[in-house]
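As structure tokens, the structure follows; a few thoughts come after it.
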Amino acid sequence: MTLTPSLSSFVMHFGEMGSRWGFNRTVGQMYALLVISEAPLSASDIAEALSISRGNVSMGLKELQSWQLVQISHQPGDRKEYFTALGSIWDMAKRVMEERRKREIDPTLSLLRTILLDSTEQQETDHARQRLQEIHDLLESLTKWTNELQRLSPENLNTLLKLSSGVGKVLDMKDKFITRDIRPQGER
């Protein structure tokens, strides 16, 4: 696969973003290449398009498989494995959110639960315990919220995202009305 300058720019940028999502830059570039490729790509195709070693491609493909982001296929008469990005862009976003939750949020929640339930260290400062509880509650709420988002169909999720910009405006208006109604009569 030959990349145009703009597609190459996208692949390189996606690699940088991938490093922020929890996998290394090269894995992000490989995934971007698979996302924009119309046809399935072999490991050799990926290595050539990105100018990276076959060993690096092999390790990257294993990483993408562990994230369940790629699908393997075979072509008749060819022993090579071919790879495609699995599912839609929404499926990719859900998968990344799920894996990040498993790798980052769940261990943090587990640690916080252990600390908060540990009765032998009740002498911790009230401030520290309160802050730990706040962190726990926030992460717990975010986890529930993302679980609910992941249950939505791509169409409903897209609708929710479009509606959400209006929700902020409604909440701002609500706050203005409540603030105005709270002021004493003479200040209105």
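The minimum heavy-atom distance between Pro107 and Arg101, with the atom names listed, is CD-O, 4.2 Å. Between Ala32 and Phe10, the shortest heavy-atom contact is CB-CE2, 3.9 Å. Contact record, His74 with Arg79: CD2-O, 4.4 Å, taken as the closest heavy-atom pair. Leu61 and Ala43 make their closest contact through CD1-CB, 4.1 Å (heavy atoms, listed as atom of the first residue, atom of the second, distance). Listed here is the closest heavy atom pair of Ile72 and Gln65: CD1-NE2, 2.5 Å. When all heavy atoms are compared, the tightest approach of Val57 to Met30 is O-CE, 3.3 Å.
A distance of 10.0 Å separates CG of Leu34 from CG of Leu69, quoted to the nearest 0.5 Å. Lys162 NZ to Leu157 CG: the interatomic distance, rounded to the nearest 0.5 Å, is 11.5 Å. Rounding to the nearest 0.5 angstrom, the gap separating the CE atom in Met17 from the CE atom in Met12 is 15.5 Å. Atom CD of Gln68 sits about 14.0 Å away from atom NZ of Lys94, to the nearest 0.5 Å. Ile36 CD1 to Thr4 OG1: the interatomic distance, rounded to the nearest 0.5 Å, is 7.5 Å. Taken to the nearest 0.5 Å, the CG atom of Asp106 stands 12.5 Å off from the CG atom of Leu111.
At distances below 3.5 Å, at least one donor-acceptor pair connects side-chain atoms of Asp91 with backbone N or O atoms of Ser88. Side-chain atoms of Thr114 come within 3.5 Å of backbone atoms of Ser110 as a donor-acceptor pair (strictly under, hydrogens ignored). Judged by distance alone, the side chain of Ser58 and the main-chain N or O of Gly55 form no donor-acceptor pair under 3.5 Å. Side-chain N or O atoms of Asn147 include one that pairs as donor or acceptor with a backbone N or O of Thr143 at under 3.5 Å. Panel note: side chain Ser37, backbone Leu33; no donor-acceptor pair is recorded below 3.5 Å. The backbone N or O of Leu142 sits less than 3.5 Å from a side-chain atom of Thr146, completing a donor-acceptor pair.
Ion pairing of Arg113 with Glu140 is present here, as a side-chain N (NZ or NE/NH1/NH2) and a carboxylate O approach within less than 4.0 Å.
Looking only at side-chain heavy atoms (C-beta outward), Arg100 and Ile105 stay at 4.5 Å or farther from each other. Under the 4.5 Å side-chain criterion, counting only non-hydrogen atoms from C-beta, Gln75 is not in contact with Lys80.
Other residues, nucleotides and ligands contribute at most 12 non-hydrogen atoms within 6.0 Å of the CD atom of Glu38. Shown here is Glu48, whose CD atom has no more than 12 heavy atoms of other residues, nucleotides or ligands within 6.0 Å. Heavy-atom neighbours of Arg131 CZ from other residues, nucleotides or ligands within 6.0 Å: at or below the threshold of 12. Within 6.0 Å of NZ on Lys144 lie no more than 12 heavy atoms contributed by other residues, nucleotides or ligands.
Classified by interplanar angle (parallel below 30°, tilted 30° to 60°, perpendicular above 60°), the ring pair Phe14/Tyr31 is tilted.
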Output, in order, the C-alpha distance, side-chain angles, deciding distance and verdict of side chain to side chain contact (heavy atoms under 4.5 Å, CB included) for Leu160 and Leu152. CA-CA 9 Å; Leu160 177 64; Leu152 296 176; 3.9 Å; yes
Give the intermediate values and the outcome of side chain to side chain contact (heavy atoms under 4.5 Å, CB included) for residues Met59 and Thr26. CA-CA 10 Å; Met59 290 181 352; Thr26 304; over 6 Å; no
Please report the C-alpha distance between Asp137 and Gln133 in whole Å, then the side-chain angles of each, then the deciding distance to 0.1 Å, and finally whether the side chain to side chain donor-acceptor pair (under 3.5 Å) criterion is met. CA-CA 6 Å; Asp137 294 348; Gln133 186 67 54; 2.8 Å; yes
Side chain to side chain contact (heavy atoms under 4.5 Å, CB included), that's the test. Do Val35 and Ile89 meet it? Break it down for me. CA-CA 8 Å; Val35 166; Ile89 298 302; 3.9 Å; yes
Verdict with supporting geometry, Asn156 and Thr159, side chain to side chain donor-acceptor pair (under 3.5 Å): CA-CA 5 Å; Asn156 286 342; Thr159 300; 5.0 Å; no
Give the C-alpha distance, both sets of side-chain angles, the deciding distance and a yes or no for side chain to side chain contact (heavy atoms under 4.5 Å, CB included) between Trp67 and Val96. CA-CA 7 Å; Trp67 282 69; Val96 169; 4.3 Å; yes
Worked verdict on Ser44 versus Arg54 for side chain to side chain donor-acceptor pair (under 3.5 Å): CA-CA 7 Å; Ser44 298; Arg54 279 285 314 251; 2.9 Å; yes
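A continuous path of Ile, Leu, Val, Met, Phe, Trp and Tyr side chains, each step under 4.5 Å between heavy atoms, connects Met92 with Val27, placing both in one hydrophobic cluster. One hydrophobic cluster, built from ILVMFWY side chains closer than 4.5 Å, cannot hold both Ile46 and Tyr82; they sit in different ones.
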